Amino acid sequence: SASFMIRIRLPGREWIYSPDSRLGRPGGFGAVFLGGSSEEPVAVKRLHLDAAQAAHREMRLALSLAGRSLSYVMPILDAGEDAESGGYFVVMPLAQGSLQDALDNGTRFSDGQAADIMLQVASGLAEVQDIAHRDLKPANILSHQGVWKIADFGIGRFVEESTSLATLKDCLSPQYAAPEQWQLEHATAATDIYALGCIGYALLTGRPPFPGP
């Protein structure tokens, strides 16, 4: 039977998604669901923000990434506040899976494969040098059209601006969060490079360097 679909109206257009069809594990900033439009299936990320938290703030990531020619960053199809519910959403193309999925499935990468993936992720960071990702981890590295691409660029900054610092630690991915994030200091490109090193370790060993809480 067809699952229940929710319709949302974002700045770009209308989309639908299935709250019963979750893609991957819920992250600190939101959960991702299978969705669609009249043309194509998509991934719809529902952010952990309500209208009160996000009041008087624009969602900038769509604007900051729109129109850029990006080879190693997942494109944003639409983003913003749903006119009906007031919820905040990001719409992306449907990926073939994440690096975390591959690790969970027991995939072990050779040195050459790991270096190639690291180079693709580094290329994605270089394409968007003016934005610190803040939540780089294998779950946010997605396989799309045969390339590993970074997803969720800019969401960290948006949530950081809309959320009290006390709750920000709840959004961190502990195994990949840099020391300055735990100390609630300003995240920079160095934060992402730290996470990239942790990702490289996980690719070679199957687990992050600091697996504890």
Side-chain angles (χ1 to χ4, degrees), residues 10-13 15 23-25 27-35 37 39-47 49 58-80 88-103 109 113-161 171-173 176-178 181 187-200 202-203:
L10 301 183
R13 56 182 298 176
W15 306 87
L23 303 174
R25 297 187 244 178
F29 296 138
V32 183
F33 303 90
L34 179 64
S37 66
E39 285 91 27
E40 59 184 335
V42 296
V44 176
K45 180 155 196 158
R46 186 174 64 199
L47 297 185
L49 285 175
E58 291 181 42
M59 194 151 176
R60 297 194 196 95
L61 84 158
L63 295 173
S64 64
L65 296 180
R68 296 196 196 188
S69 178
L70 301 171
S71 301
Y72 297 97
V73 174
M74 283 294 284
I76 301 290
L77 302 176
D78 204 352
Y88 282 81
F89 296 87
V90 179
V91 181
M92 297 176 292
L94 200 58
Q96 282 69 61
S98 73
L99 209 47
Q100 187 63 55
D101 293 336
L103 292 169
F109 299 96
Q113 288 172 321
D116 184 48
I117 293 169
M118 293 276 285
L119 190 58
Q120 292 180 61
V121 177
S123 297
L125 292 174
E127 284 183 328
V128 193
Q129 291 187 41
D130 52 320
I131 307 174
H133 188 288
R134 290 169 158 78
D135 193 33
L136 196 62
K137 58 186 176 182
N140 283 337
I141 311 298
L142 305 182
S143 175
H144 180 242
Q145 297 176 342
V147 178
W148 289 105
K149 300 182 181 182
I150 305 174
D152 286 0
F153 248 114
I155 290 181
R157 179 176 66 182
F158 179 69
V159 173
E160 201 169 282
E161 290 176 351
C171 291
L172 294 178
S173 303
Y176 298 93
Q181 291 177 289
T188 67
T191 307
D192 294 338
I193 293 170
Y194 173 95
L196 181 60
C198 293
I199 290 170
L203 290 176

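Since this is a predicted model, take the numbers as computed values, not measurements.
- Residues forming a side chain to side chain donor-acceptor pair (under 3.5 Å) with W148 (at least two apart in sequence, or on another chain): none.
- Heavy atoms only, all atoms of each residue included: V32 and A43 are closest at CG1-CB, 3.8 Å.
- A donor-acceptor pair is defined here as one N or O able to donate and one able to accept, closer than 3.5 Å; such a pair exists between the side chain of E127 and the backbone of Y72.
- When side chains are defined from C-beta on, L136 does not count as touching Y176, because their heavy atoms never get closer than 4.5 Å.
- Interatomic distance, CG of D152 versus CG of L142, reported as 7.5 Å (0.5 Å rounding).
- Scanning all heavy atoms of the two residues, the minimum distance from G80 to P11 falls at CA-CD, 4.0 Å.
- For the pair D78/V42, no side-chain contact is recorded, criterion being any heavy-atom separation below 4.5 Å from C-beta on.
- Nearest heavy-atom pair, L203 versus L103, reported as atom, atom and distance to 0.1 Å: CA-CD2, 4.5 Å.
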Side-chain donor-acceptor contacts of residues 92-100 below 3.5 Å, not counting sequence neighbours, with atom names and distances?
unit_1, atom_1, unit_2, atom_2, d
Q96, OE1, Q145, N, 3.3
S98, OG, Q100, N, 3.2
S98, OG, D101, N, 3.0
S98, OG, D101, OD1, 3.4
S98, OG, D101, OD2, 3.3
Q100, NE2, D104, OD1, 2.9

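- Legend: residues meeting ring-ring contact (aromatic ring centres under 6.0 Å, His included) with F33, ordered by chain and number and at least two apart, are Y17.
- Rounding to the nearest 0.5 Å places OG of S123 at 11.5 Å from CE of M118.
- Residue V128 is tested with D192, L70, I150 for a side chain to side chain contact (heavy atoms under 4.5 Å, CB included); the sole match is L70.
- A178 pairs by the side-chain contact (heavy atoms from CB on, under 4.5 Å) definition with E180, Q181, T191, Y194, not counting sequence neighbours.
- If you take CD1 on I199 and CD1 on I141, they are separated by 4.5 Å, rounding to the nearest 0.5 Å.
- Looking at Q113 and D116, their side chains never come closer than 4.5 Å, going by heavy atoms from C-beta outward.
- A donor-acceptor distance shorter than 3.5 angstrom exists from the side chain of H133 to the backbone of A151, with no hydrogens or angles considered.
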